[in-house]
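Here's the structure, in structure tokens; my notes come after.
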Amino acid sequence: MKRLGENNFLLVGTRLFQGRSRNYYQITASGKAELKTIKKEWYSFSTKINQIMGEENE
């Protein structure tokens, strides 16, 4: 989480709740764009693996 905040993918804040410090996170626009990229990469990777596994099972 710290690294995501350092890369400006998340806004990180701290608030007091019932006398205790709590961390709160909010995804930024660049975080949403990065997530979209990662999802596309994962879909491509998993599709290729599924094709390989399907070929082995035949």
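Just the heavy atoms: all of them, side chains too, but no hydrogens, waters or symmetry mates, feed the values below.
- For the pair Ser46 (side chain) and Tyr43 (backbone), a donor-acceptor distance under 3.5 Å is present.
- Each of Glu6, Lys2, Met1 was evaluated against Leu4; a single residue qualifies, Met1, per the side chain to side chain contact (heavy atoms under 4.5 Å, CB included) test.
- Residues satisfying the ring-ring contact (aromatic ring centres under 6.0 Å, His included) criterion with Phe45, sequence neighbours excluded, are Trp42.
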Mind listing the side-chain donor-acceptor pairs of residues 20-28 below 3.5 Å, one per line with the distance, residues two or more places apart or on another chain?
residue : atom : partner : partner atom : Å
Asn23   : OD1  : Thr14   : OG1          : 3.2
Thr28   : OG1  : Asn8    : O            : 2.7
Thr28   : OG1  : Phe9    : O            : 3.2
Thr28   : OG1  : Ser30   : OG           : 3.1
Thr28   : OG1  : Gly31   : N            : 3.1

